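Worksheet for the structure shown next.
Since the structure is predicted, the reported quantities are computational estimates derived from the model, not experimental observations. Below, all heavy atoms of this structure are taken into account, side chains as well, without hydrogens, waters or symmetry copies.
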Amino acid sequence: MNIADLRKSYEKAELNENASHADPLQQFAQWLQEAIAADVPEPNAMTLATVASNLRPSTRVVLIKGYDERGIVWYTNYDSRKGQELAGNPFAALQFHWVELERVVRIEGRVEKVSDEQSDTYFHSRPLDSRIGAWASPQSQVIDGRTVLVTNAAKYAAQFMLNPPRPPHWGGYRLVPDNWQFWQGRKSRLHDRLRYTQVGSGWLRERLAP
């Protein structure tokens with residue numbers, strides 16, 4: 001099979017200005033709930049793109065943990081590569097790709113840390129193994145082997161028992177959107193693509209050529 005010959009016809013749904021929400025957050029909420037209801041694998045998975053000081057972009061997959069009118073929230077290690085890049089350039093892009101529904105959502109905006117109280121609340125809601133893992137993994141750093149992680153996990157499990165506190169290097173980020181795009185696959189590559197751009201306190205909705 002020649003990879004260049006792989007093709008798919010997108011024919012599941014449509015997206016138009018009349019049937020979409022004027023507020024992009026409402027449109028996102030509808031599509032996310034539809035992805036969850038459709039049993040899409042990991043509907044909460046999103047690609048996070050950041051840019052380093054040398055202007056080189058990088059991406060990774062993280063999980064959305066909340067959203068409201070303030071923005072999109074996820075949690076991670078502040079000392080990781082993404083954390084270091086956000087410290088130097090607090091702007092990022094997110095992308096959801098729900099393959100089974102032939103849909104993509106792209107979100108861009110400024111990134112800020114959530115409050116310590118919000119990070120504490122979420123951290124203590126996590127399974128114990130995940131809380132220990134936040135201490136055990138020096139994320140994005142070079143390690144000698146998996147033994148380092150296993151040894152660290154055992155050390156912190158013995159130290160903290162059932163009540164590990166939130167590590168000072170771990171917490172939440174919130175992307176505050178100023179640009180959304182919603183993409184619905186359509187037949188003959190004539191896809192539907194709506195962009196929402198923040199204008200003052202409202203949103204300008206426009207159709208883009210696919």
Side-chain angles (χ1 to χ4, degrees), residues 28-29 32-33 35-36 38-54 56-68 70-100 105-177:
F28 171 73
L32 177 59
Q33 292 305 314
I36 294 171
D39 289 328
V40 168
E42 294 196 281
N44 55 335
M46 58 186 184
T47 299
L48 165 65
T50 56
V51 178
S53 58
N54 62 3
R56 293 186 63 136
S58 62
T59 64
R60 73 287 292 161
V61 176
V62 297
L63 302 179
I64 184 175
K65 293 299 179 180
Y67 66 92
D68 57 24
R70 295 172 297 172
I72 309 294
V73 173
W74 69 93
Y75 294 85
T76 191
N77 187 315
Y78 292 145
D79 295 335
S80 64
R81 178 177 177 180
K82 55 186 171 297
Q84 293 177 18
E85 292 181 351
L86 287 170
N89 178 25
F91 293 88
L94 300 171
Q95 177 171 287
F96 292 84
H97 186 193
W98 297 309
V99 178
E100 292 77 5
V105 179
R106 297 164 55 187
I107 314 167
E108 301 174 13
R110 174 178 53 83
V111 177
E112 62 189 21
K113 289 182 178 179
V114 306
S115 68
D116 288 342
E117 292 77 14
Q118 185 172 346
S119 289
D120 286 339
T121 298
Y122 174 70
F123 182 80
H124 292 294
S125 74
R126 304 178 84 207
L128 177 60
D129 287 350
S130 297
R131 285 177 278 156
I132 293 296
W135 284 95
S137 175
Q139 193 174 107
S140 299
Q141 297 182 27
V142 176
I143 58 176
D144 291 334
R146 185 172 178 80
T147 301
V148 173
L149 300 178
V150 176
T151 301
N152 284 350
K155 179 182 73 173
Y156 288 114
Q159 177 179 342
F160 296 127
M161 304 297 286
L162 299 178
N163 296 296
R166 178 174 65 88
H169 58 262
W170 191 98
Y173 287 103
R174 176 185 294 109
L175 184 141
V176 182

Please round to the nearest 0.5 Å and tell me the distance separating atom [atom1] of [X] and atom [atom2] of [Y].
X      : Y      : atom1 : atom2 : value
Lys155 : Ile132 : NZ    : CD1   : 11.5 Å
Leu175 : Leu48  : CG    : CG    : 8.0 Å
Arg174 : Ile72  : CZ    : CD1   : 10.0 Å
Leu86  : Tyr78  : CG    : OH    : 10.5 Å
Thr121 : Glu117 : OG1   : CD    : 8.0 Å
Asn152 : Thr147 : CG    : OG1   : 10.5 Å

Minimum heavy-atom distance between [X] and [Y], given as atom pair plus value:
X      : Y      : result
Pro57  : Arg81  : O-NH2, 4.3 Å
Arg166 : Asp116 : NH2-OD1, 3.5 Å
Pro164 : Phe123 : O-CE2, 3.4 Å
Pro165 : His124 : CA-CE1, 4.2 Å
Ala136 : Ala153 : CB-N, 3.6 Å

Less than 4.5 Å apart, side chain to side chain, heavy atoms only: is that true for [X] and [Y]?
X      : Y      : answer
Glu112 : Val176 : yes
Leu128 : Leu162 : yes
Tyr173 : Val62  : no
Trp135 : Gln159 : no
Arg60  : Thr50  : yes
Pro138 : Leu149 : yes

Contacts of type side-chain contact (heavy atoms from CB on, under 4.5 Å), residue Lys65, not counting sequence neighbours
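With neighbours one apart ignored, the set is Leu63, Tyr75, Tyr122.
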Under 3.5 Å, side chain of Arg146 to main-chain N/O of Val150, donor-acceptor pair present?
no
Using a 3.5 Å distance criterion without hydrogens, assess whether the side chain of His169 forms a donor-acceptor pair with backbone atoms of Ser80.
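No, the answer is negative, given that no donor and acceptor are paired below the 3.5 Å cut-off.
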Students often mix this up, so state it plainly: with edges at 30° and 60°, are the rings of Phe96 and Trp98 parallel, tilted or perpendicular?
tilted
Any chance you could lay out the side chain to side chain contact (heavy atoms under 4.5 Å, CB included) test for Met46 and Ile107, step after step, and finish with the verdict?
CA-CA 10 Å; Met46 58 186 184; Ile107 314 167; over 6 Å; no
Is it true that atom CD of Glu42 has more than 12 heavy atoms of other residues, nucleotides or ligands lying nearer than 6.0 Å?
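No, CD of Glu42 has 12 or fewer neighbouring heavy atoms, counting only those of other groups under 6.0 Å.
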Under the rule for side chain to side chain donor-acceptor pair (under 3.5 Å), what residues qualify as partners of Ser137, not counting sequence neighbours?
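Ser137 satisfies side chain to side chain donor-acceptor pair (under 3.5 Å) with no residue once adjacent residues are dropped.
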